[in-house]
There are 2 protein chains.
Amino acid sequence: MQIRALVASHGKRFKFCAVQDCLQRGAPVWFRRSTPAIQRNAPVSRIEKPADSEPARNPSRAGKPTLKTIAEMTGLAITTVSRALGNAPQISENTRRRVHEVAAEIGYLPDRAAQRLKTGRTNVISVLLDPHEEILGFGTSIMHGLARALQATPYHLIVTPNFLDGSNVDAVNYIIRNGMADGLIFSRTEPFDPRVRLLLENGFPFVTHGRTEFSTPHAFVDYDNYAFAYEATRRLIVKGRRKVTIILPPKRLTFHQHMLHGFMTAVREAGIAYEIPDTLDLDSPADMIRDYVRRRSGEPDPPDGFACPGEVSALATITGMSDQGFTLGAEYDIVAKQTSLLLSQIQPKVETIYEDLKAAGEAMGQLLLQRIAGEPVEDLTILQSPQFGFPTP
Amino acid sequence: MQIRALVASHGKRFKFCAVQDCLQRGAPVWFRRSTPAIQRNAPVSRIEKPADSEPARNPSRAGKPTLKTIAEMTGLAITTVSRALGNAPQISENTRRRVHEVAAEIGYLPDRAAQRLKTGRTNVISVLLDPHEEILGFGTSIMHGLARALQATPYHLIVTPNFLDGSNVDAVNYIIRNGMADGLIFSRTEPFDPRVRLLLENGFPFVTHGRTEFSTPHAFVDYDNYAFAYEATRRLIVKGRRKVTIILPPKRLTFHQHMLHGFMTAVREAGIAYEIPDTLDLDSPADMIRDYVRRRSGEPDPPDGFACPGEVSALATITGMSDQGFTLGAEYDIVAKQTSLLLSQIQPKVETIYEDLKAAGEAMGQLLLQRIAGEPVEDLTILQSPQFGFPTP
DNA sequence: CCGCAAATTTACAACGTTTTAAATTGGCGC
DNA sequence: GCGCCAATTTAAAACGTTGTAAATTTGCGG
């Protein structure tokens, strides 16, 4: 057993000889500064464990290579290794390459916790999942896309579910306050969405799925629901339908207005009859939509053209109508928004207009990365056009 | 400006007077150990910045309260504060309460990165999302449940999507090797699932959705698919169907066998005719299932009872049958597994047996927490019974 | 008032990384 | 050989927390 280091204060029991000894072997000697307030220090002398007894490391990461490992292997300093891996400009090409080689060889990966602690950046993107999302895999489509966008980056995707206690705003506030992520993604925006307001006020990077009406610009990806509603309605009219209707999203959401506008524009251009159910919206349970359609189609002057901005509402409409004996494509038509493959696979007679949610997710991820990198938000807006390329029978 | 600290080696330009001075004021003097290989050290003397110039803190967490903040406010040591917040036994009730009060007042939350770095625990639960999950919100149901289970814990839920490059096993390996999480959750197990093998070998905590056939036990939550298939088939028989069929999950998955077993047991007990499509499984796209059903029902001696272990397959079956002019409930019957509200809302004539995925998610979360806490895995297995409480018309 | 044990509080180091500021090296002109 | 500049490498401190081991305070019997 060998004395490797020694700590001493300048108190009574100062062991001069030990210090001398350490100095000769190049071991560090520590003169401890006394506590400012009270002079408490009693003399200390500490002896390190012998070199062969490894300090008990945290078992969960035993043997995990760190910068220190590479430093020892290459004979460089930890700083240099860090620099080399970060491709810092002042590192010579030679050592840069060598460090990279060794790192790859031993499978080094930087410790996220340490990086996060040091830099304050979390390398985390958080998605606020809303329980009211269209059940047909909205969440997973967006996630697919996000995952793809973050694939080659150091970012991880963490899900902050809204479903539970606390409102959306609380979740956002929590994330801002505690620096739980570097950026945020969420959907179903309102014109003056309180989440957006909060994030804007705090300068926190985020991308929404859906627009707002704040004068301050922010990054968003949105689907052109005006175009969808206009086109869907127009197609119903072209098919010769006499009275059209649309199931709109809840009034408080921004895209309610967009859809309404598209629908009304097409209706007015054609001068056709229409009606808009007001006891019902896209968030209503499928059986409620089904029952409404069934009841309404049994009453006088029912609509015969349905614009359905969701697959579930389309299926519910079909069921309600067929309960009354109406045949899709003959006595009535549906043009629906399609976000998964399900609807067209199940019921090919429904005409669909596609919204690519996976692409939306990917775009949101990319925009968020750009936003975090500091690009001006004015450039970070995407309006997805409906794809009109589907065959019209 | 005041000299507060000084670093010196025992090289030529050793400034003895400066050291003396430091000693007298209680400032630390550092005898730097020379680099082992080459004796490089030249003497150094450093002067600290004046105390009034605040060190430039990371802007992203400016003002965020830390243990130090509380320590300064209460006049206690950082260690004591940490202890008090951790409710360590050796802290007096008095200071414990005071620290908790101050912490609550200033809204202190521990820095996850620092905790993680120090303790090696990540406080993260990772979910492996599989792209082949039933599209109808399997992922989100599980996530709901998990979120609820982790609600009052320090754990966060992070999604490691499988969808992209790399197999399941690679993702698991990555998580183990780099300590990205304290526990793992995934589904769709195979009898000798390589992910399970890997995790068992490394003693990494995990809970699967689905069983395996390893002799080493592990934590799982599974749905009793034997009971489902048996009960579904029995109901078809009770309804007077003459020939039953079932769309099974892919052969490599463990629950393929369970379902097959349940189905065959019911069939054999009743001595009824049956058939099992072998070009088709639950992962087949809906249109493929629909086309198969349509074709088969046009051929001689078609089945008139369908056990559908998924809502999509049920919808596809209905479409295929109605394309041939068959009426559900009259000429044929379906008993389907229901995991969302969609199917029964859209098509109430389908008889359903419920699988509560949200409850499964919550159970998996709880089991995983217990597993991490070190409870024996033998006790951490749950077999969910089908709920037979749904009205049979 | 002393000694001693128990109760409570404390300093220090460490986790693995990045940042700052400084030291070292090499080259070049004299 | 010296001084100087640029290129490269370096030590030390810091991020906020917890574990270890020690110091300090308190209480109590004499």
Side-chain angles (χ1 to χ4, degrees), chain A residues 5 7 9 28 30 32-35 38 40-46 48-49 55-58 60-61 64-71 74-86 88-96 108-121, chain B residues 5 7 9 11 28 30 32-35 38 40-49 55-58 60-61 64-71 74-86 88-96 108-121:
Chain A
V7 178
S9 86
W30 301 60
R32 199 193 280 157
R33 187 220 290 238
S34 62
T35 309
I38 317 162
R40 286 224 181 93
N41 281 18
V44 184
S45 84
R46 246 182 236 175
E48 264 196 8
K49 295 197 189 90
R57 298 174 65 98
N58 189 311
S60 76
R61 49 188 164 192
K64 201 189 153 193
T66 70
L67 289 182
K68 194 173 167 192
T69 319
I70 302 180
T74 56
L76 294 164
I78 293 180
T79 310
T80 311
V81 175
S82 172
R83 292 254 155 81
L85 289 174
Q90 70 254 57
I91 297 296
S92 78
E93 178 55 25
N94 216 333
T95 64
R96 202 192 68 82
Y108 167 79
L109 274 178
D111 184 298
R112 295 177 69 84
Q115 285 183 314
R116 178 168 167 179
L117 177 59
K118 188 63 179 93
T119 64
R121 286 183 18 265
Chain B
V7 179
S9 87
W30 300 61
R32 197 193 283 156
R33 187 219 292 235
S34 60
T35 311
I38 316 162
R40 285 221 183 97
N41 282 17
V44 183
S45 86
R46 245 183 235 176
I47 295 176
E48 264 196 10
K49 293 199 190 88
R57 297 174 66 98
N58 189 312
S60 77
R61 49 188 163 191
K64 202 189 153 193
T66 70
L67 289 181
K68 195 174 166 193
T69 318
I70 302 180
T74 55
L76 294 164
I78 293 179
T79 310
T80 312
V81 175
S82 171
R83 292 261 150 80
L85 289 174
Q90 70 253 58
I91 297 296
S92 78
E93 178 54 25
N94 216 334
T95 64
R96 201 192 69 83
Y108 167 79
L109 276 178
D111 184 298
R112 295 176 69 84
Q115 284 183 314
R116 179 168 165 178
L117 177 59
K118 187 64 176 88
T119 64
R121 284 181 23 262

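Letters go in sequence order (proteins before strands), and every chain restarts at 1. Scope of the values below: all heavy atoms of this structure, side chains included, with no hydrogens, waters or symmetry mates.
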> Side-chain N or O of A:Gln115 less than 4.0 angstrom from OP1 or OP2 on C:dT18?
Replying inline: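 Checking C:dT18 against A:Gln115, a side-chain N or O does come within under 4.0 Å of OP1 or OP2.
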>> If you compare every side-chain N and O of B:Ser82 against the phosphate oxygens of D:dT18 (OP1, OP2), does one of them come in below 4.0 Å?
In response: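 So the side chain of B:Ser82 is within the cut-off, an N or O lying under 4.0 Å from OP1 or OP2 of D:dT18.
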> Starting at the 5' end of DNA chain C, which residue's closest nucleotide do you reach first, A:Pro110 or B:Gly75?
Replying inline: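 First, find each residue's nearest nucleotide; the 5'-ward one identifies B:Gly75.
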By nearest atom, which of the nucleotides [options] is closest to the [X] side chain?
X: B:Ala114; options: D:dG16, C:dG16, C:dA11; value: D:dG16
X: B:Thr79; options: D:dG16, C:dA11, C:dT18; value: C:dA11
X: A:Leu67; options: C:dT17, D:dT17, D:dG16; value: C:dT17

> Going from CD on B:Gln115 to CZ on B:Arg121, what distance comes out if it is rounded to the nearest 0.5 angstrom?
Replying inline: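 It comes to 8.0 Å.
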> For the side chain of B:Lys118 and the base of D:dT18, is some donor closer than 3.5 Å to an acceptor across the two?
Replying inline: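 Donor-acceptor pair under 3.5 Å: yes.
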May I have the distance from [X] (atom [atom1]) to [N] (atom [atom2]), rounded to whole angstrom?
X: A:Asn94; N: C:dG26; atom1: CG; atom2: P; result: 13 Å
X: A:Lys68; N: D:dA12; atom1: NZ; atom2: P; result: 14 Å
X: A:Arg112; N: D:dG16; atom1: CZ; atom2: P; result: 19 Å
X: B:Arg116; N: D:dT18; atom1: CZ; atom2: P; result: 15 Å
X: B:Ile78; N: D:dC15; atom1: CD1; atom2: C1'; result: 12 Å
X: A:Arg121; N: C:dT17; atom1: CZ; atom2: P; result: 15 Å

> In chain order, what residues pass the salt bridge (charged side-chain N to carboxylate O under 4.0 Å, His left out) check against B:Arg112, with sequence neighbours excluded?
Replying inline: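 Once residues adjacent in sequence are excluded, B:Arg112 has no partner under the salt bridge (charged side-chain N to carboxylate O under 4.0 Å, His left out) criterion.
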> For A:Arg96, which residues count as a salt bridge (charged side-chain N to carboxylate O under 4.0 Å, His left out) partner, sequence neighbours excluded?
Replying inline: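 Only A:Glu93 meet the salt bridge (charged side-chain N to carboxylate O under 4.0 Å, His left out) criterion with A:Arg96.
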> If you take all heavy atoms of B:Ala114 and A:Leu117, which pair is closest and at what distance?
Replying inline: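 Heavy atoms only, the tightest pair is CB-CD1, 3.9 Å.
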> Which atoms form the tightest heavy-atom contact between B:Tyr108 and B:Leu85, and what is the distance?
Replying inline: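 Looking at all heavy atoms of both residues, the closest pair is CE2-CD1, 3.6 Å.
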For residues 74-82 of chain B, which side-chain donor-acceptor pairs fall under 3.5 Å, sequence neighbours excluded?
| unit_1 | atom_1 | unit_2 | atom_2 | d |
| --- | --- | --- | --- | --- |
| B:Thr74 | OG1 | B:Ile70 | O | 2.8 |
| B:Thr74 | OG1 | B:Ala71 | O | 3.4 |
| B:Thr74 | OG1 | B:Leu76 | N | 3.4 |

Identify each atom pair where a protein N or O and an N or O of nucleotides 7-9 of chain C are less than 3.5 Å apart, giving names and distance.
| unit_1 | atom_1 | unit_2 | atom_2 | d |
| --- | --- | --- | --- | --- |
| C:dT9 | OP2 | B:Ser92 | N | 3.3 |
| C:dT9 | OP2 | B:Thr95 | OG1 | 3.3 |

> Can you find a pair of side-chain heavy atoms, one from A:Lys64 and one from A:Asp111, that are under 4.5 Å apart?
Replying inline: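 The answer is yes, as the side chains (C-beta and beyond) meet within the 4.5 Å cut-off.
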